[in-house]
Structures are given as structure tokens and as C-alpha cells.
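Have a look at the structure below before the remarks.
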Amino acid sequence: MAAMSPFRRFLPAAILVFCTSTAFASDASSSTVCVIGAGIASASLSHFLTKTPLQPSPRILVFERSAQVGGRIGTVHFPITADRTVKIESGASIIAGSNQLMRYFVQFLDLQAAPPRRGTLGLWDGSSLVLRTSANSKMRDSISFVQRYGRALFRMRRFVSTLLSDYAKIYPLGGPGAEWPPCETMQQLFEPCHGLYNRSQMAFSEVVEQLFSARLGSELIAAITRVNYGQDPAEMNGFSGAVGLAGSGADLWAVDGGNVQIVEQLLKRSKAEVLLNTKIETVTSTKVDGKNRLKLESERDSWLCDIVVLAAPYETADVKFPEALAKSLSVDREFQRTHATFVRGYLNSKTFGSDPPDAILTTEGVSEPFTSVGIVWHDVDGKEPPIFKVFSKTKLTAPSLARIFQRGSKKLAQFPWLAYPKFNVPERFPMFSHNLPGGDVIYTSPVESAGSAMEMSAVSGANAASLIKQKLRLEPEPAQEESAKDEL
Ligand SMILES: Cc1cc2nc3c(=O)[nH]c(=O)nc-3n(C[C@H](O)[C@H](O)[C@H](O)COP(=O)(O)OP(=O)(O)OC[C@H]3O[C@@H](n4cnc5c(N)ncnc54)[C@H](O)[C@@H]3O)c2cc1C
């Protein structure tokens, strides 16, 4: 389930070796799987397609339009002193304890999970902090939460715990690293999860009204949906709202050294050939030696493929598909712009008082230039000014920055992400698999309309790998089958 928190942690990255772009046609003995995009969905797919040796073994080509892999997972480096640099997550940062597939990847790759940075938190209604946590008394915090939200708080906790046990049923019986059954639709994928799919067909505000209270909904729950998705509860569907709540629990983590390592290392270990700086412009059917094939074209090159995977949102990928397929992939989904701005300095005491919390989230409908602001790095002895990350829907102007930060604070960088879908009830989901003369086209991003998170895309990547094996009739090598039987 999704995983985002007010306390985001920012960590370093690693190095990869990639091949360069050359036009070619696949040979007859092995199939060529062409993947558009090198984010977590693509990495998960590559892992599950190569984890068990297959016959015939497919060739995996991954096309990435930017200069690095990771997509919406990435790190940024900031110099702190002349001889010291810190690495901070610029995109997806926090993973929830319930995210079994991300946990499995960390173990498989021998990476380390680290807890996110903890600090004090405040809820800002545009003129004051309606609630704030203390630095050293969990007990006092619990009491003030219960005093403010009463029984609704317990109902919310129960709701999240039921949700998580329903969600856990999505994983195969053998665990997240086992073979996933191939699913053609979102409904099938979420079938084991007791009605979770239905939540995407209803407004989250219905859940809030029925189960919680107006105050909990407009303050704490709104703060969570705003920091995670830049949207108020009234704009969320029941699934994505629940995903946000599930990712706000206590058992959060990130990958020590940077989440992007999962993408880098899964692609590397699966021997996927990654072509960076290669934007795919068109996907068409073509005839070669009398046989239908799929053709991918960039500005300079073209490739023949047996199967194509679109491992990026159709709405942001800017790939031209044949008209009928384009219609099936499109659900008129808009994407929410979220600017992640990094500032080194101190919060403005005129706005937030002389002792502001480490992270400030905004309540429902607040008209501030930011949706959240929080410390993502500070020195152990507190001598150096900390680094803050601000999320905002529009680019922060000089007056907006001056409202949030003390004079003398310095803007370090800004990332204008097309971050996640603008949710739209009832959500419509394109199918995962589509057919063109010459081969199938698999699409991983329908899941994002339920909830956009690393785990969701990783799950969709695992499902895509199973669909590919089914479509291309790829079987485990006989030796592998024997050893699998032995294990039983
Ligand atoms: C600011 C921010 C904070 C977030 N925080 C969290 C968090 O804390 N926890 C969490 O779980 N999730 C978080 N998310 C959501 C999470 O990042 C995404 O849901 C997930 O990473 C999506 O992965 P993906 O592989 O499906 O797509 P992407 O990561 O978008 O990967 C798609 C790739 O395809 C490439 N591409 C697109 N079109 C083409 C083309 N035509 N040709 C070639 N390449 C192409 C893109 O460049 C990109 O690299 C956050 C997202 C943002 C933006």
C-alpha cells in the first residue's frame, strides 16, 4: 500500500553501466520485449521476467527519455560545506511497512532499510497551528490527538488496519517474490482484496463523512491527502484516500543510500539493456518478411519488438499509438503538478511563531502558496542551517518564499513534477493488455488512478511480467522446473 509521510527522508544514489542506442531487429530464436520507461514499474517487470531462467530467454530493451533511470524516484546532491555534500530524495521518498514488494526488493538486492527522519509536526490552517506534536512525549501527543478528534481517531485506525489486511491479499501465496498470476484488468488484480477496487468507484469524502468526523476529515486527513497527493479529501477517490491514510502510519522506511538504487540494481541484475536519452515517439505495426511486428521509433532510430510495454503514464509519455489503441489507453486523466522546492535556512517566525515544528502540513482548502514544508536534512549539532522541502501546486515566487522562510534563506533547487493523477470518481481503468497486429502492448500505469505509489507500480510491473510470459509462451528452463519440484 502507498507510502508517504510528512517526514520524508532523502538519501544517496549509485552508478550504472548502460549500452548505447543501436537500431536492430531481434533474431528469430528469442523474443524482444521493448519497455518504454525506466522507473520502478519497468525495473520490477525486468526482475520478474528474468528471475527464473526462461526458454526461450527474452531480450529486454528499456528506453528512457531522460539521462538517468528512476523516473519519479531520484536523488539530488547539495553541498553543505566546501568538502561535504548531502544526498536527498527529490521524488518518492517514503515506503510503508505494508509495502511487501518493495521490502522484498531490498532484501533481494541486499540493500538496507532505514527509518525516516522523525521530528515535530504541526497542522496549519492558514493563520495558526491547530495541532502540534512535541519533541519528546509520545504520551502527550496521543492525549492531544484524542482530545481533538475523539473516537473518530480510533475509527480511523480500525479502518486503516482492516484496509491493510485486505490489501495484503494481493500478494501471491508464496510471497511477493513468487510468480504473480497474470491479470488483464484492475478488477482482476484487486479481486483478492475484498472490495478494495470498489473504493475507487466512490468518493473518499463519503468514507470520511460516514466513518470519521468533519473535524478529523478537514484537519488531519486533509493534511495527509494534501502532502501525499496535493489534493483535498473531496477530490480523492475512496481507494487513493485510503492509500494515503495507510502510508501515514508509524512503520515507514526508505532505502539507506537512496530509493533509486532499487531501480538501478534491478535493471542491472536482470541484464536489461537500458537506452538512456532515448524518447520513444511512435509505436506502430509493421510487416517484416511477411510477418507482423511492432515497431518503436525515436527521433533517430527504430526497433522491432515482439511485445511493447508502456511503463509510464500514457498522459505524460507523449507516445503516438495507432488511433484505436490510443483510445483504449486514454481515460482523460489529468496529472497534478507538484513543485518540490529545496530551501536552506529557517522558517519565518513572523508567519509560524518563534518555535515552529520541523514539518508543517496544511488543513483542508487552506489558501497558502505551499501544501507542506518540512526539514529533510539537519546537522547533528544544529550549527548548520537545515534544508527544507516545500511541496506546492504552483512554482514558488519570491513573495511566497518570503512568507515561508526567514530573510537570508537560500533556494537550492526546484523540481516541477507531473506527480500523480488528479483523482476522478468513479475512476476508469484501461486494461493492462492490448493487442495490435504484430504483438501485444502491455500498460502498467492504470494502477495509478487507484493510488500512485512505488509499491503500486512495482505490483503492476510484476503483473506485466506474468502477462508477457503468458503472451510469449515463455516457460521456465527444464532444469529450473526440476529444482522447483525438488523444493516442493
Ligand atoms: C514529488 C513526489 C513524491 C512522491 N512521494 C512518494 C512516496 O513518498 N512514496 C511512494 O510510494 N510514492 C511516492 N510518489 C509516487 C511514485 O513516485 C510513483 O507512483 C512511482 O515512482 C511511479 O513509477 P513508474 O515506474 O510507474 O513511473 P515513472 O517513475 O514515472 O517512470 C516512467 C519513466 O518513463 C520515462 N518515459 C516517459 N515517457 C517516455 C517516452 N516517450 N520514451 C522514453 N521514456 C519515457 C520517464 O522519463 C520515466 O523515467 C511520489 C511522486 C512524486 C512526484
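Just follow the structure's listing: the first ligand is 1, and inside any ligand the first atom is 1.
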Check: Can Ser328 and Tyr443 be counted as having a side-chain donor-acceptor contact under 3.5 angstrom?
Finding: no

Check: Which is closest to atom 46 (C) of ligand 1 by heavy-atom distance: Glu64, Arg337, Glu448?
Finding: Glu64

Notebook entry, point to check: Looking only at side chains, do Glu184 and Ser433 share a donor and an acceptor under 3.5 Å apart?
Noted result: yes

Item checked: Residue-ligand contact Gly70/ligand 1, heavy atom below 4.0 Å -> yes

Check: Which of the atoms of ligand 1 are close to Ser457, meaning less than 4.0 Å from one of its heavy atoms?
Finding: 22 (C), 23 (O), 24 (P), 26 (O)

Margin query: Quick check: Ala453 and ligand 1, any N/O pair under 3.5 Å apart?
Written below: yes

Next item on the list: Let me see the working for Lys51 and Glu179 under salt bridge (charged side-chain N to carboxylate O under 4.0 Å, His left out), right down to the final yes or no.
Entry: CA-CA 10 Å; Lys51 189 173 167 253; Glu179 187 71 17; over 6 Å; no

Margin query: Using a 4.0 Å cutoff against the non-hydrogen atoms of Val319, which atoms of ligand 1 qualify?
Written below: 41 (N)

Checklist line | Cation-aromatic face contact Arg226/Phe391, 6.0 Å, 45 degrees | finding: no

Check: Which of the atoms in ligand 1, numbered in the order shown and given with their element, are less than 4.0 Å from a heavy-atom of Gly71?
Finding: 29 (O), 31 (O), 48 (C), 49 (O)

Check: In terms of side-chain geometry, is the basic nitrogen of Lys279 or Asp318 positioned less than 4.0 Å from the acidic oxygen of its partner?
Finding: yes

Margin query: Using a 3.5 Å cut-off on N or O atoms only, is Ser445 in polar contact with ligand 1?
Written below: no

Next item on the list: Ignoring hydrogens, just give me the one of Ala311, Ser66, Ser460 whose non-hydrogen atom is nearest atom 32 (C) of ligand 1.
Entry: Ala311

Item checked: For Trp417, the ligand 1 atoms whose distance to one of its heavy atoms is below 4.0 Å -> 1 (C), 53 (C)

Check: Of all the atoms in ligand 1, which lie at a distance below 4.0 Å from a heavy atom belonging to Ser93?
Finding: 5 (N), 6 (C), 7 (C), 8 (O)

Notebook entry, point to check: For ligand 1, is there an N or O atom under 3.5 Å from any N or O atom of Ala312?
Noted result: no

Next item on the list: Take every heavy atom of Ile95, measure it against each atom of ligand 1, and state whether any distance is under 4.0 Å.
Entry: no

Notebook entry, point to check: So, Tyr104 and His47: side-chain donor and acceptor under 3.5 Å apart, yes or no?
Noted result: yes

Check: Does Trp303 have Arg293 sitting over its ring (NZ/CZ under 6.0 Å from centre, angle to axis within 45°)?
Finding: no

Margin query: For atom 21 (O) of ligand 1, tell me which residue out of Ile73, Asp318, Leu45, Leu418 has the closest non-hydrogen atom.
Written below: Ile73

Check: Between the side chains of Arg333 and Ser449, is a donor N or O closer than 3.5 angstrom to an acceptor N or O?
Finding: yes

Margin query: Hydrogens and angles aside, do Glu219 and Thr363 bring a side-chain donor and acceptor to less than 3.5 Å of each other?
Written below: no

Notebook entry, point to check: Can you tell which of Tyr229, Phe239, Phe204, Phe335 makes a ring pair (Phe, Tyr, Trp, His ring centres under 6.0 Å) with Phe423?
Noted result: Tyr229

Check: Ile36 near ligand 1, heavy-atom distance under 4.0 Å?
Finding: yes

Margin query: Would Thr444 count as a polar contact of ligand 1, with the cut-off being nitrogen or oxygen pairs under 3.5 Å?
Written below: no

Note to self: Using modelled atom types and a 3.5 Å cut-off, is there a donor and acceptor pairing between side-chain atoms of Trp417 and backbone atoms of Arg72?
What the structure shows: no

Notebook entry, point to check: Which of the atoms in ligand 1, numbered in the order shown and given with their element, are less than 4.0 Å from a heavy-atom of Ile94?
Noted result: 7 (C), 8 (O), 9 (N), 10 (C), 11 (O)

Check: Under the 3.5 angstrom rule, does the side chain of Glu448 hit a backbone N or O of Ser457 as a donor-acceptor pair?
Finding: no

Notebook entry, point to check: Can you list the ligand 1 atoms lying under 4.0 Å from a non-hydrogen atom of Thr278?
Noted result: 42 (N), 43 (C)

Checklist line | Selection from Ala43, Pro416, Ala92 by shortest heavy-atom distance to atom 16 (C) of ligand 1 | finding: Ala92

Check: Going by heavy atoms, is Ile40 under 4.0 Å from ligand 1?
Finding: yes

Check: With atoms numbered from 1 as shown, which atoms in ligand 1 lie under 4.0 angstrom from a non-hydrogen atom of Ala38?
Finding: 33 (C), 34 (O)

Notebook entry, point to check: With a 4.0 Å cut-off on heavy atoms, does Ala340 reach ligand 1?
Noted result: no

Notebook entry, point to check: Do the rings of Phe388 and Phe405 sit parallel, tilted or perpendicular, given the 30° and 60° boundaries?
Noted result: perpendicular

Item checked: Backbone or side-chain N or O of Ala41 under 3.5 Å from ligand 1 N or O -> yes

